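Structure first, commentary second.
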Amino acid sequence: MPTTEMKSTRRREATRERLLDAARDVLASSGIQGATVEEICERAGFTRGAFYSNFESKDDLVLDLFRREKDLMLGRVQAALDIELRSPAETDAETILRVLDQFLGSQPTDRTWFLVHQEFVIHGVRQREIAAVYQELWTQTRAEFATIITGAVEALQRKLALPVEQMTLILMGVFDEAMRNAFLSTSADAFDATELREMLPALLMAVSEPL
């Protein structure tokens, strides 16, 4: 690719990332319904022209943000597993706890993260014309997470007592509930993972057994 084309591509990618970063902050404070293209552009420091040269609509941007958040989160889960499973702890429960801590140390699970992800759910339920798109994205997210869980269980030489699809739904639910409880009980921006650190290893030990 010619140098000018490479520079143009990098600029375009940088512009998209800045718009997505700005949208993330705006959605957390105003919600998807209340956020405007103008507000997102102002936060990013771009014009409406820059916005519409990268996204067809606000919904288009929100879906791209969903995909980016999903890929980042699942990538960090996999990275945490890869790091900790190379030298597991003495017990499987301790290894799971170390994986969780490694993930939480790399993933910005703060109030903004929680609010944005809740907005994705609300928007998909509220806007029936794009509900199918959100459903497909959530299905894809669960499938990718299930693949990670399968690999982790195999690496620990354990087997699940439940189908991995059901286990995936349970784990995602436990994570969401722990975050909801944490942010409802405090005004702090940081996620207090005490409840999650207590529940998750115990849960995974209860629903699996050594091979």
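Only this structure's heavy atoms are used, side chains among them; waters, hydrogens and symmetry mates stay out. Worth saying up front: this structure is predicted, and the values here are computed from it rather than measured.
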Does L115 share a hydrophobic cluster with L104, counting links as ILVMFWY side-chain heavy atoms below 4.5 Å and allowing steps through other members?
no
Is V164 linked to L169 within one hydrophobic cluster, defined over Ile, Leu, Val, Met, Phe, Trp and Tyr using a side-chain heavy-atom separation of less than 4.5 Å?
no
Closest contact, heavy atoms only, D110 versus F183
C-CZ, 3.4 Å
Applying side-chain contact (heavy atoms from CB on, under 4.5 Å) to L200 and not counting sequence neighbours gives L100, L171, L204
Qualifying salt bridge (charged side-chain N to carboxylate O under 4.0 Å, His left out) pairs with a residue from residues 174-188, counting only residues at least two apart or across chains:
E177-R180
Say you draw a straight line from CG of L65 to CG of L19; how long is it, rounded to the nearest 0.5 Å?
11.0 Å
Distance col, row S208:OG vs Q157:CD, nearest 0.5 angstrom, shows 12.5 Å
Spell out, as yes or no, whether a donor-acceptor pair under 3.5 Å connects the side chain of T147 to the backbone of A143.
yes
Would I83 end up clustered with L74 when hydrophobic side chains under 4.5 Å apart are linked, directly or stepwise?
no
With sequence neighbours left out, the residues meeting side-chain contact (heavy atoms from CB on, under 4.5 Å) with P163 are E165, Q166
Return each pair, listed once, that meets salt bridge (charged side-chain N to carboxylate O under 4.0 Å, His left out) where at least one residue sits in residues 181-203; pairs must be two or more places apart or across chains.
D101-R197, R111-D189
Among residues at least two apart in sequence or on other chains, which ones pass side-chain contact (heavy atoms from CB on, under 4.5 Å) with R128?
A131
Using a 3.5 Å distance criterion without hydrogens, assess whether the side chain of R24 forms a donor-acceptor pair with backbone atoms of V116.
no
Greater than 12 external heavy atoms within 6.0 Å of E56's CD:
no
Could you see if V77 belongs to whatever hydrophobic cluster contains M172? Use Ile, Leu, Val, Met, Phe, Trp, Tyr and a side-chain cutoff under 4.5 Å.
yes
Of all heavy-atom pairs between M205 and D92, which one has the smallest distance, and what is that distance?
CE-CB, 3.7 Å
Closest heavy-atom pair and its distance - I96, P201:
CG2-CA, 4.1 Å
Using the side-chain contact (heavy atoms from CB on, under 4.5 Å) rule, take M167 and L203 through it: C-alpha gap first, then chi angles, then the decisive distance, then the call.
CA-CA 10 Å; M167 193 66 236; L203 172 63; 4.1 Å; yes
Would you say V174 and W138 are hydrophobically clustered, going by side-chain heavy atoms of ILVMFWY under 4.5 Å?
yes
Measuring from atom NE2 of H117 to atom OG1 of T112, what distance do you get when rounded to the nearest 0.5 angstrom?
10.5 Å
Would you list the pairs meeting salt bridge (charged side-chain N to carboxylate O under 4.0 Å, His left out) in which at least one residue belongs to residues 75-89, sequence neighbours left out?
E84-R98
Rounded distance (nearest 0.5 Å) linking atom CD1 of I32 with atom CG of D59
8.0 Å
Over 12 non-hydrogen atoms of neighbours within 6.0 angstrom of CD in E17:
yes
Least distance between heavy atoms, Q33 atom then Q127 atom:
OE1-NE2, 3.2 Å
Just to verify, what does R67 make a side-chain contact (heavy atoms from CB on, under 4.5 Å) with, not counting sequence neighbours?
L63, D64, L137
Checking H123 now: which residues fulfil ring pair (Phe, Tyr, Trp, His ring centres under 6.0 Å) with it, not counting sequence neighbours?
Y134
Keeping S30 on the side-chain end and L27 on the backbone end, is there a donor-acceptor pair under 3.5 Å?
no
Could you tell me which residues satisfy ring pair (Phe, Tyr, Trp, His ring centres under 6.0 Å) with F145, sequence neighbours excluded, listed by chain and number?
none
When the ring planes of F175 and F191 are compared, do they come out parallel, tilted or perpendicular, using 30° and 60° as the limits?
perpendicular
With sequence neighbours left out, the residues meeting ring pair (Phe, Tyr, Trp, His ring centres under 6.0 Å) with F55 are F51
So, S106 side chain and F103 main chain: donor-acceptor pair closer than 3.5 Å or not?
yes
CG of L72 to CH2 of W113: how many Å apart, nearest 0.5 Å?
11.0 Å
Could you tell me which non-hydrogen atom of A44 sits nearest to which non-hydrogen atom of R18, and how far apart they are?
O-NH2, 2.5 Å
Please name all residues satisfying ring pair (Phe, Tyr, Trp, His ring centres under 6.0 Å) with Y52, sequence neighbours left out, ordered by chain then number.
none
Interatomic spacing from CG in L156 to CG in L211 - rounded to 0.5 Å:
10.0 Å
Can you name the nearest heavy-atom pair linking L81 to A152, along with the distance?
CD2-CB, 3.7 Å
Does anything in residues 134-152 form a salt bridge (charged side-chain N to carboxylate O under 4.0 Å, His left out)? List the pairs, not counting sequence neighbours.
K70-E144
